Amino acid sequence: MRSALFVLICAGLLPAACEFEMVIRNGHVVDPANRRNGPMDLAIASGKIARVATKIEVAADCKTVDATGLYVTPGLIDIHGHVYANTGIPAELAGETSFMPDAVAPRSGVTTIVDAGTSGWKNFEDFRKRVIDRSRTRVLAFVNIAGLGMSGSRNEQNTADMDPEGLAVIARKHKDVVVGVKTAHYGAPDWIAVDRAVAAGKLAGIPVMVDFGTHHREARPIETLLMEKMRPGDIYTHLYSGLRYEQLPDGKLNPVLLAARKRGVLFDLGHGNGSFFWTVAKAGFDEKFLPDTISTDLHLRSWMDGMKDFNNVMSKFLIHGVSLEDVVRKTTVDAAKAIGRPELGTLTVGAEADVAVLKVEKGKFGYLDNRKQKVMGDQRLTTELTIKAGKAIYDLNGLAADEWKPGTLPGARMQ
Ligand SMILES: [Zn+2]
């Protein structure tokens with residue numbers, strides 16, 4: 001019986017069974033890692049990217065997604081979020097303003113979110129157990145040089161707990177998910193936090209992300225940080241805050257930013273609820289000094305403020321003339337490079353099938369900064385479908401879903 005069927009298939013009398021799990025058709029692929037930017041189909045098999053081509057012929061039983069009018073990009077990467085959510089443990093041990101990553105990331109096309117130092121090297125393993133290992137979203141981490149991470153200002157300032165060796169041990173043990181070191185919110189006039197974070201980065205061979213704090217700008221000049229303390233590949237976050245002399249009194253961006261970029265320091269947006277002001281961002285757009293990576297600094301307060309979500313943050317660049325390709329580059333391949341994970345942020349054949357299907361809406365939209373002042377724009381990026389390892393983890397309008405069949409019994413799940 002089986003051989004007769006095989007003969008019919010070979011003779012072209014019956015269509016071959018579908019070789020793909022899903023085929024996204026008629027979309028506009030934007031995949032900067034592979035210099036793709038145009039109408040293309042994309043096929044997924046065994047959770048990996050199987051083909052990307054102008055036209056992919058498929059058997060009649062293939063699951064297809066019609067992406068007409070939509071953009072198909074690699075799953076987005078947010079390199080600055082806070083997702084050590086309080087899962088019932090005392091607030092002093094966990095970032096109490098964190099989100100569970102699956103509650104937020106997939107709705108913005110994000111398949112990889114990097115926690116930016118909410119946990120420190122002492123409580124990282126708790127974070128891993130409670131959140132990282134339980135999430136469908138890929139969660140990576142910058143580990144805070146402060147032992148207990150962002151668990152209250154007292155712990156963040158505790159230099160006795162800033163131990164490069166201790167952090168390096170954790171980073172090596174968990175190198176599958178630890179991508180860097182974080183220092184943040186340091187309030188003393190000395191360089192202890194930065195120096196120890198860089199020492200840990202050197203020991204573990206990973207970059208450091210610096211939130212430079214807002215105190216002691218004379219005792220700790222930003223020039224010293226960017227030109228002497230940070231290494232090429234280290235990441236300066238909160239680029240458009242203006243609170244740390246990123247902007248000079250005449251309104252121009254501090255030229256040291258450009259000098260630091262020339263020596264290889266990377267700049268991250270880190271929008272947050274106190275680090276994105278139109279006065280600074282507009283100077284950045286005017287001077288064409290854009291962040292290397294666009295990120296949210298996701299936490300409860302930024303979510304409820306002008307940040308809102310990742311697509312909203314990306315839209316702020318679109319409405320200022322940054323091309324969708326460049327916005328996608330800064331949230332995929334360049335983000336992957338910054339965290340040393342070049343296998344991510346790409347639609348290369350064989351890569352894990354992390355895919356975002358995005359829509360650019362046209363209309364009148366308002367965008368708030370952290371002073372709650374708005375700038376109007378004519379575009380808004382939204383997410384239709386998010387696919388992680390070949391499976392739909394967010395599907396706003398059921399693009400990848402079957403039509404409801406009357407009489408279908410409850411309880412049966414499609415995926
Ligand atoms: Zn942050």
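These numbers were taken from a predicted model, which means no experiment stands behind them. Both ligands and their constituent atoms are indexed starting at 1 by order of listing.
For Asp297, the nearest N, O or S atom to the Zn ion (ligand 1) falls under 2.8 Å. His80 lies close to the Zn ion (ligand 1), since one of its N, O or S atoms is found at a distance under 2.8 Å. Inclusion of His238 in the first shell of the Zn ion (ligand 1) is not supported: no N, O or S atom falls under 2.8 Å.
Outside the 6.0 Å centre-distance limit, the rings of Trp121 and Phe127 are not counted as a close aromatic pair.
Under the 6.0 Å distance and 45° angle rule, Arg130 does not count as a cation-pi partner of Tyr84. For the pair Lys374 and Tyr367, the NZ or CZ position fails the cation-pi test of under 6.0 Å to the six-membered ring centre and within 45 degrees of the ring normal.
The pair Lys229-Asp195 meets the salt-bridge criterion, with a side-chain N (NZ, NE, NH1 or NH2) lying under 4.0 Å from an Asp/Glu carboxylate O.
Of all N/O/S atoms in His82, NE2 sits nearest the Zn ion (ligand 1).
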